[in-house]
**Q** 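My questions will all concern the structure given below.
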Amino acid sequence: MKPHFLAATALAAALGYAGMAYAEDEDSKLVEPLAAYKSYVADHTEKLLENTTKFTAAVNAGDIAKAKALFAPTRMDYESIEPIAELFSDLDHTIDSRADDFEGKEKDPKFSGFHRIEYGLWTENSTKGLEPYATQLLADVKDLNHRIENLTFPPETVVGGAAALMEEVAATKISGEEDRYSHTDLWDFKANFDGSKKIYDLVKPLIEKDNADFVKKVDENFKVVDDTLAKYKTADGYELYDKLSDEDRKVLAAKVNVLATELSTLRGKLGLN
Amino acid sequence: MAHDPEAATDKPSALAADRRKLLLGLGIAAGGALVSSLVSERSLAVEDKTAERQVTDAPSSNRADVEQRVPFYGVHQAGIVTPRPANGMVVAFDVIADTPADFDKMLRKLTERIVFLTQGGQPPSLDRKLPPADSGILGPEVFSDNLTITVGLGDSIFENRPWLKHLKPKCLQKMTQFTNDALVAELCHGDLSLQFCANSADTNIHALRDILKNLPEYLVPRWKQEGNVPTILPDSDGHVQSARNFLGFRDGSANPHSSNEALMDEIVWVGQGDGEPEWAIGGTYQAVRIIRNFVERWDRTPLGEQERIFGRRKMSGAPMDGKTENDAPDYAKDPDGKVTRLDAHIRLANPRTPETQKNLILRRPFNYSNGVTKNGQLDQGLLFIVYQADLDRGFIAVQTRLSGEPLEEYIKPIGGGYFYVLPGARESGDYLGRKLAEAAAAGPPT
């Protein structure tokens, strides 16, 4: 979670309706990709709710092994729709904050959500005391689901989300600091990556004619990242972060920066402010 | 100073007009470029106007400084024998370039950015819907500001690429631990080094940001250290003595004269007869060391002891048997170290014997100050940068001789690396490392 981005997107959300009207008048060609994206997000929020229900039930039942197994896959649905999920900064704060965001770090009573439960499961190897966090997480995810259903998607946020997700990877996933207790960062990485690529793929037909070099470069870099991540695929997910070689980490860092740089022009290329 | 509004001089009204302009400027530009240009005009014009200056008025620079320009093209790269400006920064990168073609593209792009940044100009203005081409931290005009950006290649870029390995300069190697070192892996080595030097620290930072923004596919930063050199008031005869390091001693006293071209050809530049690959001629070896100074302990050490450790007088910089900084110590008259200890820093570093002449090196260091350590001590030291035509005969020989010196109690090298500085780009159209890229593309000899 990034405070500056949050502030900006919260503002975008506040202005969302005006922005939407403007964009529709100006550029109705975005309507179709936006609708497709809304349906993509709906699929993921639905799955997020389903998995969070199972995950929190395992925590509440004291089933550490099952809770651990469900942690990373459950997060993926959140991470893939982060540009939208982050619009609700209050929920993002309770669902996805890291210990760094609190003065008392891990021991801070306000530290909650996925990473608080992750800390309990891996560092303390226990579900003791996690029930209130599990209950709150499920309630928050339900709330998020409800709010997203009623949201008019601001086109700037959606299109800008492709780059925002890459910024998220560049700033927190490359270093392995996001899932520091479970080291399941590559799952989040993959989810951010897929979420970014989804947005790009949806708008690509609108720009590829006039931006052949751009499309070629972005496609090439997406492919390198995808191929590199694929090396760490396991039967049911991804290897732990510490398996990531220095060489691959460097390649990922460079490619993600290229993608963040290139995709930062996507809004402008579509005439969005 | 009280102004009489009725006074029949034009000075107060000019001030008032200036102030109105200033306020107007603040309203429109929100403290931007307009304000700072007004301020610099004002401060240059009349000395006593400083009383009128406001808290947030920018400290003013002068045109002569910001327009100082070091030529980019030449046999050698700039930033080595060119005079050292007040601010320096070294950044080491990992390079992502898997093919000779990518490597070539990187060098061309890097050269293009360095030419623009060091010679100055206006970045293009783009559609407002796009991210701006430039970070804007220097304003609409990027002044040259005495900036040099010097490119070096590390051992790993050659070793990890089969198509470059056979072209590695003969002395290039991975920096290894000396006895007093405590090297931190994250602060060491790298495929490529950039040394930025400029009149202002912001110019260096702007240049780094520009390069990162323009070459994200090739360069991943690995470590960075900024530093500066204190500016010195010239003596009454115009002579400028060496600046001081954070131990309070003059640093650079016995440096070979960088304006002596013949001497530089001998000490610094790799030439035809040096047995180096053809592409490397005109280049030089760069050793960078991040050397922490234990300044609290140093400040608690008796002055006499400090001077004996260095072998120089602290304030004047004179050797123990001399009067001024430029006096040469006569060790032949002091074989037992009664005047200058045998293990004094300057005596070990440069024993001034015929045999040790070949170990001379050109130092170009900056002081750094980073923060506070876990122990509550200041994290300060020397960003030591040194150039030589032969790394083994130069820095490595000198540092080996210094091993065990009493100064080691007060210093701890923690990072850095060895790099081969590319020869210069000769003229417009040429680019840094062209010959190396061409040799790499041609493939290894069969």
Side-chain angles (χ1 to χ4, degrees), chain A residues 8 19 22-23 26-27 30 155-156 159-160 162-164 166-167 169-171 174-176 203 207 210-211 213-214 216-225 227-228 244-273, chain B residues 91-99 101-103 105-106 109-110 113 123-136 154-162 164 174 184-192 194 208-224 417:
Chain A
Y22 171 78
E26 283 290 299
D27 209 346
L30 270 174
E156 295 84 358
V159 176
M166 282 299 139
E167 297 291 359
V169 174
I174 295 283
S175 59
V203 298
I207 53 164
D210 297 332
N211 298 278
D213 289 348
F214 168 81
K216 184 168 175 278
K217 192 167 185 182
V218 172
D219 283 346
E220 277 172 11
N221 282 282
F222 266 133
K223 186 171 180 331
V224 178
V225 174
D227 291 350
T228 309
L244 182 64
S245 73
D246 269 357
E247 264 330 288
D248 285 336
R249 186 178 47 75
K250 285 178 219 163
V251 169
L252 288 173
K255 301 300 166 188
V256 164
N257 275 321
V258 176
L259 286 169
T261 305
E262 295 299 322
L263 292 172
S264 70
T265 66
L266 203 52
R267 285 195 314 183
K269 286 190 164 63
L270 286 160
L272 295 167
N273 272 309
Chain B
V91 188
F93 299 86
D94 292 317
V95 169
I96 311 295
D98 292 338
T99 62
D102 277 352
F103 181 63
K105 270 191 242 168
M106 176 193 77
K109 185 84 187 168
L110 189 56
R113 295 323 300 164
S125 51
L126 304 179
D127 186 334
R128 301 184 74 83
K129 291 192 175 78
L130 294 173
D134 186 83
S135 64
D155 176 72
S156 52
I157 199 169
F158 293 95
E159 286 296 327
N160 298 336
R161 286 166 185 75
L164 265 186
K174 188 174 172 178
V184 178
E186 297 82 55
L187 297 175
C188 291
H189 319 306
D191 291 333
L192 183 143
L194 294 179
L208 173 61
R209 295 249 307 254
D210 181 280
I211 286 171
L212 285 174
K213 187 177 165 71
N214 282 285
L215 287 95
E217 55 265 76
Y218 302 116
L219 300 177
V220 181
R222 190 180 166 90
W223 54 267
K224 163 173 98 58

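Side chains are part of it too, since the values below use all heavy atoms of this structure and drop only hydrogens, waters and symmetry mates. All figures in this text were calculated on a predicted structure; none of them were measured in a lab. We name chains A, B, ... by the order of the sequence lines, and we start the count at 1 in each one.
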**Q** Please list, chain by chain and in numerical order, all residues satisfying salt bridge (charged side-chain N to carboxylate O under 4.0 Å, His left out) with E159(B), sequence neighbours excluded.
**A**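 E159(B): salt bridge (charged side-chain N to carboxylate O under 4.0 Å, His left out) contacts with K165(B), K168(B).
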
**Q** Under a 4.5 Å heavy-atom cutoff, which of D94(B), V95(B), L215(B), L219(B) has the most pairs with chain A?
**A**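 Winner by heavy-atom pair count: D94(B).
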
**Q** My understanding is that only one of V258(A), V251(A), V224(A) makes a side chain to side chain contact (heavy atoms under 4.5 Å, CB included) with I96(B); could you say which?
**A**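 For I96(B), the side chain to side chain contact (heavy atoms under 4.5 Å, CB included) test succeeds with only one of V258(A), V251(A), V224(A), which is V251(A).
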
**Q** Nearest 0.5 Å, please: how far is CG in L259(A) from CD in E217(B)?
**A**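 E217(B) atom CD to L259(A) atom CG measures 10.5 Å (nearest 0.5 Å).
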
**Q** Among all residues two or more places apart in sequence or in another chain, which pass the salt bridge (charged side-chain N to carboxylate O under 4.0 Å, His left out) test with D134(B)?
**A**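 Result, salt bridge (charged side-chain N to carboxylate O under 4.0 Å, His left out) vs D134(B): none returned.
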
**Q** What's the shortest heavy-atom distance between L130(B) and G268(A), and which atoms?
**A**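 Nearest pair, atom of L130(B) first, then G268(A): CD2-CA, 4.0 Å.
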
**Q** Counting heavy-atom pairs closer than 4.5 Å to chain A, which one of L126(B), V220(B), D127(B), N160(B) comes out on top?
**A**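 That would be V220(B).
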
**Q** About how many Å separate CG of L212(B) and OG1 of T261(A), when rounded to the nearest 0.5 Å?
**A**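 So the gap between those two atoms works out to 9.5 Å.
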
**Q** Taking atom CG of N273(A) and atom CZ of R128(B), what is their separation to the nearest 0.5 Å?
**A**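 Answer rounded to 0.5 Å: 10.0 Å.
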
